[in-house]
Trainee: 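Got a structure here, written out as structure tokens. Questions coming.
Along the sequence shown, residues are numbered consecutively beginning with 1. Whatever order the structure lists them in is the order used to number ligands and atoms, beginning at 1.
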Amino acid sequence: MTHSAETVLAEAHGIQDDLVRLRHRLHQEPEIGLQLPRTQEKVLEALDGLPYEITLGRDTTSVTAVLRGQGAYSSADKPVVLLRGDMDALPVQEQTGVGYTSTIDGAMHACGHDLHTSMLAGAATLLAERRAQLAGDVVLMFQPGEEGFDGAGVMIREGVLEVAGRLPDAAYGLHVMSALESNGRLATRPGTLMSASDGLSVTVHGAGGHGSAPHLAKDPITAAAEMVTALQVMITRQFNMFDPVVVTVGVLRAGTKRNVIPESAMFEATVRTFSEANREKLQHVIPRLLAGIAAVHGVEVTVDYSTEYPLTVTDDDETVRAESVIADLFGSERYSRMAQPLSGSEDFSRILAAVPGSFVFLSAATPGSDPLKSAFNHSPYATFDDNVLGDGAALYTQLALARIAELAAVVS
Ligand SMILES: [Zn+2]
């Protein structure tokens, strides 16, 4: 462990109680989407008195905080590093029974973003204390609306990547998990880390009629049913099994009464891919397949394929740097490089598409529990252990410090 990493970790653990308090307050008042006024208030309170230049979102309650380092650098440009923590909750009714349980009906921090917010606020304190020696600027990105609202896209449009005066040299994010790995373990991988997420919405237009006389109608239900299974068969026949595709139909709707053939039937699916090539291919093979099935049944179909979050791809070099920071802080035995990507999606992908960076998973599973049996993120039973808060704050801090030190030392 380097001297710097050792001090950062000790200081982060020193503010652990503050981080727990903040996290519990955030957890008790979860807010969903792009408008998180009470969350924003708590973040601003945590940053109060620290030497940050603060910009609030115009269309959202984002908080962007820039720390202008005062240390000397020999690089041509002053280094800039961006750290991101998302802040939004989910429309889930909490069932954990923890003492600091959600007080808002139908809303819960079920994905642990309350931990990210608290960790990044902790890093704000630790970084500010080092401002005099810090040979670069740090951009803290407190982001709303990660859960399907593209908060990162909005913040990019509102200028988060230019707020320091130039594009960041590197960007890092982290995500806690309530299961899969045992408490305190860290993981990431270079390259494709998470899938792209797209949406498919299909309507089959038939002709309604009497259920006893289908030959006088055009049944949209049998055609829709065939489409749902044909999609699965098509994936196994037309896509490389080593470059996976997931199409899950989560909505299927038609009809009002068992003896009435309805006018139309509809279904919606989430589409996950791990390569841009497959993503593009799906956008023409899905409509072709569904139009073919519609044609043989004599019905019409409209297919709407909408792109949502892109692939989350970490930079090879930045991931190696993150791995060395992790080893420095926590020892390499707590880390494993993931053999495969995760089939979730992230809007931090938009930042990583613009700036080289990495994204690290940190397990906050209950200590001593079997992580394979614990409730996973998004479950009403998912619990996240407070003890990782200090580690998360230290990780954010050290990622920025190490990268800035390296960049600043480049003689130009
Ligand atoms: Zn999340």
Trainee: Answer yes or no: is there an ion pair linking Arg279 with Glu276, defined by an N-O contact shorter than 4.0 Å?
Mentor: yes

Trainee: Does the side chain of Tyr335 come under 3.5 Å of the side chain of Glu323 through a donor N or O and an acceptor N or O?
Mentor: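 Side chains of Tyr335 and Glu323: pair found under 3.5 Å.
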
Trainee: Which residue is it: Val320, Leu395, Val8? I am looking for the one with a side chain to side chain contact (heavy atoms under 4.5 Å, CB included) to Val325.
Mentor: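 Looking at Val320, Leu395, Val8, the match for Val325 under the side chain to side chain contact (heavy atoms under 4.5 Å, CB included) is Leu395.
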
Trainee: Please state whether the rings of Phe361 and His175 are parallel, tilted or perpendicular, taking 30° and 60° as the class boundaries.
Mentor: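 Judged by the thresholds at 30° and 60°, the geometry between Phe361 and His175 is tilted.
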
Trainee: Are His113 and His116 close enough that their ring centers fall under 6.0 Å?
Mentor: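 Judged by ring-centre distance (under 6.0 Å), His113 and His116 do meet the cut-off.
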
Trainee: May I ask you to list the protein N, O or S atoms found at less than 2.8 Å from the Zn ion (ligand 1)?
Mentor: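 Listed by chain and number: Cys111 SG, His113 NE2, His175 NE2.
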
Trainee: Could you go through Arg272 and Ser345, starting from their C-alpha distance and side-chain angles, then the distance that decides it, and tell me whether this counts as side-chain contact (heavy atoms from CB on, under 4.5 Å)?
Mentor: CA-CA 8 Å; Arg272 306 300 170 111; Ser345 306; 3.1 Å; yes

